[in-house]
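Both ligands and their constituent atoms are indexed starting at 1 by order of listing.
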Amino acid sequence: MLKYKSRDDKCSGVDSSNRQHKKHFVKETASDFISKSAEKSADKDHRQKINFNIGRYNAVVPGGKQQFDDINLAREKAKNIKWKAIGSLDSQLEKFEAGISKRGAKVIWAETAEQANEEILKICQEKNCKSIVKSKSMVTEEIHLNEFLEQHNIESVETDLGEYIQQLDGEPPYHIVTPAMHKSKEDVAKLFAEKLGTDPTLTPEQLTLVARKTLREKYLQAEVGITGANFIIADIGAIAVTENEGNARLSCAWPQTHIVVTGIEKIIPSLTDLALFWPLLATYGTGQRITVYNTIVTGPKQPGETDGPEDMYVILLDNGRTNILANEKARESLYCIRCGACLNACPVYKNIGGHAYSTPYSGPIGSVITPHLKNMDDWKHLSYASSLCGNCTEVCAVKINLHELLLENRHESVEDGNTGFAERMAWKIWKRAMLHRKFMNVGSTRIKNWVVNKFVKGWKKHRGDIEFPKKSFNQLWREKYGNR
Ligand code: SF4
């Protein structure tokens, strides 16, 4: 059974020296975010590439939406299905486990990233594995699987083209759906020339053929294939994988052993739910009506079947998800189907890019879940990186109230005491002034201008001075209506 952790439990057991360390670390994660954001937002070349790629996405999404009679109803229905699935997560997962185990797959429950990595390593060592082919999976980014395997002399090769480009460049994915979104075709040609010795003037088609040829060799060598799961199907005990290149299907089926690594929130109750979720994910992810390859895997090769892996393992990862489950308000964020639409719509993401977040999940959904998956104190700054325009909520495939959840995170962070003395005092003074008119009228316009422009830290860095009006609202009122 899944264990719920209360917010108090999360705070207990942290000694004071640990807290000191945490306070220090807070400054590092937040200041790292601010400096990376400042650098990227001033980078015109980056902005041009992102605007170009998001522009292409925006141009095709309306076409995908046309397949729905009522797109809002479809989103609402998907939200309700996920609500039902997450509300009964423990029994749904057990149903999945019973179904897929019957056909010979082994299900492993991992509470942490370390446990998941150790289990994968154990399987690889049993199979005497030296080489792995892996399809795109944000969960494996979350647990830093490639780095971990490399430390144990196991080569793990990314087979999704975008991920392969990022791996060649030694960079994490930039976006949860399009990992190399920040690179132009010229950037990729240059990278291939540097790393693979190809002609730097190759076209995208020629580059794809180079990647294809290199990766086909890797499939032949690999003892193990690793994939994620877009959906875990409870009623029939299966996983569903969605992709455009066929590389995930090959990673499932070609090597002798298939390992699936998935977060527990990917659950959907029934096979028939895919009729809604597949087109919804395709439309909001890439503007397609349906993604090119949609595969349902129900277990390893069965007697009498000609292909498929001999062994199949499914790692069900918690890694902080039950913290979100226990939090009544944040729970809704577990409905996410990782379509990436909220990233593409976010004015902050479009300016600072995916790498500024320093987390596998970036953009609005990343800012909502990361403080819960990791810890609020160190990652709360992400919840403040929002204009609260609500565009993320507007475009979310499953209607998650993202901007409200960002506000909830801020609220929770303040409730947990993750604020400095100066901030607490500033808000106390502001509240007092707002509740008592006489405090608002204290001081002349000149003094107010001086105090605000001198003492509000960071305000003037990118803005002009604040100019208070010469006369206060009270004065104007009195002049017009007298003392009534
Ligand atoms: S929060 Fe919504 S829009 Fe963002 S990735 Fe998840 S499903 Fe897509």
Side-chain angles (χ1 to χ4, degrees), residues 53-54 57-58 60-62 64-65 68 71-72 74-83 85-86 136-139 141-142 162 173-179 181 228-232 240 242 262-268 273-274 276-288 291 321 324-325 327 329-350 353-354 357 359-373 382-383 385-409:
N53 284 322
I54 292 183
Y57 167 85
N58 289 338
V60 290
V61 170
K65 284 183 183 170
F68 297 94
I71 183 72
N72 280 325
R75 292 163 70 208
E76 200 69 61
K77 193 169 175 210
K79 183 173 189 173
N80 282 336
I81 293 170
K82 285 300 284 187
W83 169 76
I86 297 295
K136 192 174 119 35
S137 145
M138 292 312 292
V139 174
E141 291 296 328
E142 178 186 331
Y174 177 91
H175 185 282
I176 59 177
V177 175
T178 32
M181 187 194 241
N230 293 92
F231 302 102
I232 303 171
T242 290
T262 176
I264 51 178
E265 80 286 7
K266 295 290 182 79
I267 198 84
I268 52 170
D273 297 326
L274 287 176
L276 173 61
F277 281 100
W278 271 345
L280 205 58
L281 178 57
T283 294
Y284 281 85
T286 51
Q288 291 164 283
T291 315
R321 285 159 177 81
I324 304 182
L325 188 65
N327 185 320
K329 292 200 170 120
R331 188 177 301 160
E332 186 178 338
S333 60
L334 294 176
Y335 305 168
C336 174
I337 57 169
R338 305 276 187 265
C339 70
C342 58
L343 282 65
N344 301 337
C346 177
V348 175
Y349 182 91
K350 281 193 267 192
Y357 292 78
T359 59
Y361 308 106
S362 53
I365 186 63
S367 299
V368 168
I369 61 175
T370 304
H372 297 284
L373 291 180
L382 296 182
S383 310
S386 167
S387 63
L388 297 179
C389 63
N391 212 16
C392 45
T393 305
E394 197 65 31
V395 301
C396 176
V398 288
K399 287 195 166 214
I400 300 172
N401 284 322
L402 289 157
H403 70 292
E404 286 179 18
L405 294 182
L406 289 169
L407 274 176
E408 266 312 313
N409 277 2

* To do: Show all protein N/O/S atoms under 2.8 Å from atom 2 (Fe) of ligand 1, or state that there are none.
  => Cys396 SG
* Return the option from Ser333, Ala78, Gly285, Gly340 holding the heavy atom at the smallest distance from atom 5 (S) of ligand 1. => Gly340
* Asked: Sequence neighbours excluded, which residues qualify as salt bridge (charged side-chain N to carboxylate O under 4.0 Å, His left out) partners of Glu332?
  -> Lys79
* Geometric class of the Phe231/Phe277 ring pair [parallel <30°, tilted 30-60°, perpendicular >60°] -> tilted
* Asked: Does Glu265 reach the side chain of Leu325, with side-chain heavy atoms less than 4.5 Å apart?
  -> no
* Ignoring hydrogens and angles, tell me if any N or O in the side chain of Thr393 forms a donor-acceptor pair with the backbone of Leu402 under 3.5 Å. => yes
* Within 45° of the six-membered ring axis of Tyr284 and under 6.0 Å from that ring's centre, is NZ or CZ of Arg338 located there? -> no
* To do: Step by step, work out the side chain to side chain donor-acceptor pair (under 3.5 Å) result for His175 and Asn344.
  => CA-CA 9 Å; His175 185 282; Asn344 301 337; 2.8 Å; yes
